[in-house]
Every structure is written in C-alpha cells, then in structure tokens.
Amino acid sequence: MAAAESGSKSQFSLDSYHVSEELGFILPDPLEELPAFYQPWLDIALRVPELVQSHKFRSLINKMPLLSSQFLQKHKELRLAHLALSMMTMGYVWQEGENNTVEMLPKNLAVPLWEVSQRLGLPPILTHADAALANWRKKDPEGPFDMENLELLVSLPGGDSVRGFFMVTLLVELAAVPALRNIPAVINGVKCGDTEAVARALEDISQSIQDMTDTLKLLHVYVEPPVFYGIMRIYLSGWKDNPCMPKGLVYEGVSTEPMEYSGGSAAQSSLLHCFDELLGVKHEDKSGAFLTRMRNYMPSAHKQLIQDISLQPSLKSFVQQQDSEQLNQAFQRCVTNLLALRSYHINVVSRFITVPAARARQLRNQGQDSEGDMVSRAPMALEERGTGGSGIMTFLKTVRDQTKDAFLSEASKELKYNS
C-alpha cells in the first residue's frame, strides 16, 4: 500500500481505509434488514431488552435455528449480522446479572457469530464498531444528523439512556470528521515541506477535537448515571479480566476451550489512536498494551489506517525543525485540545461510574434492600474496572498524562536539528 511507505513522496489518502468523506469511521446508511433466511436472528435481536427483562431470552436463543452465514454477501449485511448476533450474545450472557452467568454460548449463536466475525476481522463480541458506528438510522432520511432524528437499530436494557449513550457516542464520531479529513493534508504537507498547509490543517484538527469534547457533554443530557451504572453497563462487559467470568466463555461448535474477549471501551474508537499517531503521543507499559490490544476490536481497514499513520514522517520533528510560530501554535493547540478531551472523559467516567459505585458500596454497607436503589443492582466486580477490563481511573489518568509529553518544549526546540 503506497500510503504506508514511510518517507514516500506519494500522496497519502483515506480512500482505501473505509473512511467516509461525510461520516468518517461511521458506517454510512446501515442496513435495517437481512435476507429473509436470517429473519429468525432479527426477530429476537430486535426484542433484546424486553426478552432479557422477562428472563425469557436464553430459552428463546436455545430454540433458535442454527443458520449458516454463507448467504451474507455484502459488507453491510455482515455488519448488521454482527451487530444483531453480538447484541444477542450480550443479552444471553448477562440475562441474570453477574451471579448466574453462563460458561458456554450455544452453537446456534456462537457459530454464526464466529463466522461473521472472521469475515469482518472483528472479535465475536459486541464492539464500538457495532453498537455505535453501525447501529443507527434517521427517522427522517432527509432530516439532520442529530439526536432528535436518530434512533438505534438494536438496543439493550436501559431504555432511553441506551439510545442516549450510543447516539452521543455516534455524534462524537461525527464531530471528528473534519479532523480525519485533514490528516492527509498534514501528512502530505510534511512530506513536501509546506509549513502553511500543515498549520492550516492542524488548526482544523484542533477545532474538531474541541467539538468532540463539546458533543461529549450531551451525555449529561441524554444518559442517567444510575441507569447507565445500575442497568446498562453490565451488558457492555466482556469475559476478559472480568472476575464474573474468570475462565472466559466457550463458543460451542467453535472451540472446546474458553476464549476471552474484552467488552466495549472508548479505546475501541479509532479516532484517538489516529490523533496519537499523528501528534506523536506515546503510550507505554500497561496502558499502551491495552490500547494496542483494543485495535483488534476495530474494523481491519481502520486498524490499518492507524498503523499507516504511524509509519509517516514525524510531524513533531517537522514542527520542531521549522521556524514558524503559526505552526508551533497550531500543533500545541491540537495537543491542548486532545488533553482537554481526555480530561473531560475522566470527569464523565467519574459521574457515570465512580460516584454511582461509591453509592452502591454505601447502600451495601448499610444493608439496604438492593431493589431500593438502581445503582446497587450493578455488578460488584466492575466497580473499579471499565467494561473493557481496564482498571479504569488509573488507566485514564495515565493516558492523559502521557498525552502531555507530546507538547513542544523549549529544550526540544534547541535540539531540533538532532531529532
């Protein structure tokens, strides 16, 4: 791939990475129907919340026919199938909460999920690429791409907060589109030494990152913390680094040995990985290893884009070698806004996880009836962890602090010709 050739004079482009000009990493116009052969999947997938809450979900899945995935031909068919099958998997595993999980996913769900996952290069579990990027429709096809005109294709227990959580996440991805579109302009400007072009593109990127932070604030409007923490969050959890399922999950008909997969995580969004590689943000040790592993939960073309950005000539070195105040300021603003986004994400996690977790512990210590408060129904095993399996606050603060190291320093400017 020409775009991957470090130092190449060829133009870097997003054309080969399944990135939409208008929607970025979002899947444009996801399908709402599969071929009629697969209707038994959708009949159940579209009823996940009610069937889980009535405790009938597992019994219905156990009666579901085992269908081959061979009649799924198009990429969008595979994406809808993966969304439906992985949503059903979350409902099946977590129907009874943390105390009555399953050790085996039945073959009529496990085999087609595995087959579709292999064809897409995704893991056999619900991912950000499913629940956010490929799980939307416009109520009015000609209307705006906003909260009032968007709805989910497939949902989980938690009512309006589920829709709010995934739709705000989707809108954060949309806010990042101008930044994504400008990445090639930065890379190509560095290659040909066009300082002004790089500065202009970085200014657009920094504004886009600020817009992402502003959009993330909508979570406080559309998602109720007790509902997210007490009801919804367990359905985003995986079976890796999760004390509820220490052995993982056996996918019947696929393997006799249990397999471990992480649950949903903001780290599965390709956006910040792209910005980190572009700006030279380095993540090391445990946090770096977790972020790298999360790339295996992305569509393969998006994962390739991150890798190929990392192979380009260093933007930071280019900035340090130029005598341009405009360029320096544009670069610094990008890092500043990326740092602000990560700091704000920590505030969000505090409100939606840390504070409700403290409330749940307080209620347990007081011996109150767990039905009396929604947060106390949440799984104890996840109190200090993200659904992706990370020790959440330590991880987020480490990643934020490592972002600071990308800033230009006076010392680095003095050493610019040695870089």
Side-chain angles (χ1 to χ4, degrees), residues 45-57 83 86-101 126-128 130-132 135-136 146-148 150-172 215-238 242 244 263-266 344-364 366 368-388 392-393 396:
L46 295 175
R47 300 173 62 204
V48 171
E50 61 172 286
L51 293 173
V52 166
Q53 286 161 346
S54 65
H55 302 276
K56 296 177 181 176
F57 192 76
L83 169 64
S86 58
M87 282 281 203
M88 286 192 281
T89 297
M90 298 321 237
Y92 190 92
V93 170
W94 300 116
Q95 174 180 290
E96 303 300 329
E98 68 177 328
N99 296 319
N100 189 11
T101 55
L126 186 70
T127 68
H128 173 81
D130 303 303
N135 189 22
W136 63 276
D146 62 17
M147 286 299 294
E148 284 65 40
L150 288 168
E151 58 187 11
L152 296 174
L153 302 179
V154 188
S155 193
L156 291 167
D160 288 342
S161 286
V162 178
R163 174 185 171 274
F165 181 77
F166 289 132
M167 294 291 93
V168 171
T169 303
L170 184 71
L171 291 177
V172 171
T215 304
L216 190 57
K217 294 174 182 176
L218 291 173
L219 280 179
H220 300 300
V221 178
Y222 291 99
V223 184
E224 297 179 49
V227 177
F228 176 80
Y229 184 79
I231 296 177
M232 178 184 169
R233 191 166 173 250
I234 192 171
Y235 297 101
L236 304 178
S237 305
N242 188 341
C244 298
S265 168
Y344 189 75
H345 186 222
I346 290 172
N347 292 340
V348 168
V349 169
S350 177
R351 185 174 181 213
F352 284 87
I353 298 176
T354 310
V355 172
R359 170 73 175 156
R361 282 193 295 271
Q362 179 188 29
L363 289 171
R364 279 201 307 275
Q366 292 171 353
Q368 293 189 13
D369 179 5
S370 64
E371 292 301 310
D373 194 300
M374 199 179 294
V375 296
S376 62
R377 301 180 215 167
M380 293 169 60
L382 287 178
E383 282 181 354
E384 304 298 332
R385 308 194 76 76
T387 49
I392 192 159
M393 273 302 182
L396 291 175

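R233 places none of its side-chain heavy atoms less than 4.5 Å from the side chain of F352. Put simply, the side chain of M90 does not reach to within 4.5 Å of the side chain of L236, judged on heavy atoms. By the 4.5 Å heavy-atom criterion applied to side chains, L219 and R351 are not counted as neighbours. In this structure, the side chains of V348 and H220 come closer than 4.5 Å at one or more pairs of heavy atoms. Looking only at side-chain heavy atoms (C-beta outward), F228 and P356 stay at 4.5 Å or farther from each other.
Here the CG-CD1 distance, from L396 to I346, works out to 5.5 Å after rounding to the nearest 0.5 Å. Rounding to the nearest 0.5 Å gives a distance of 6.0 Å between OG of S237 and CG of N242. Note: L46 CG to M88 CE = 9.0 Å, rounded to the nearest 0.5 Å.
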Report, one line per pair, each donor and acceptor closer than 3.5 Å where one atom sits in a side chain of residues 152-170; sequence neighbours left out.
residue, atom, partner, partner atom, Å
S161, OG, E224, N, 3.0
R163, NE, L150, O, 3.1
R163, NH2, M147, O, 2.2
R163, NH2, L150, O, 2.9
T169, OG1, F165, O, 2.7

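Within a 6.0 Å radius of NZ in K217, other residues, nucleotides and ligands contribute more than 12 heavy atoms.
Across L216 and Y344, no two heavy atoms sit closer than the pair CD2-CD2, 3.7 Å. Scanning all heavy atoms of the two residues, the minimum distance from W94 to T101 falls at CZ3-CG2, 3.4 Å. Taking all atoms of both residues into account, the shortest heavy-atom contact from L51 to Q95 is O-OE1, 4.4 Å.
Residues passing the side chain to side chain donor-acceptor pair (under 3.5 Å) test with Y235: none are found, sequence neighbours excluded. Judged as a ring pair (Phe, Tyr, Trp, His ring centres under 6.0 Å), and not counting sequence neighbours, F57 has no contacts.
Remark: the N347 side chain and the S350 side chain contain no N/O donor-acceptor pair separated by less than 3.5 Å.
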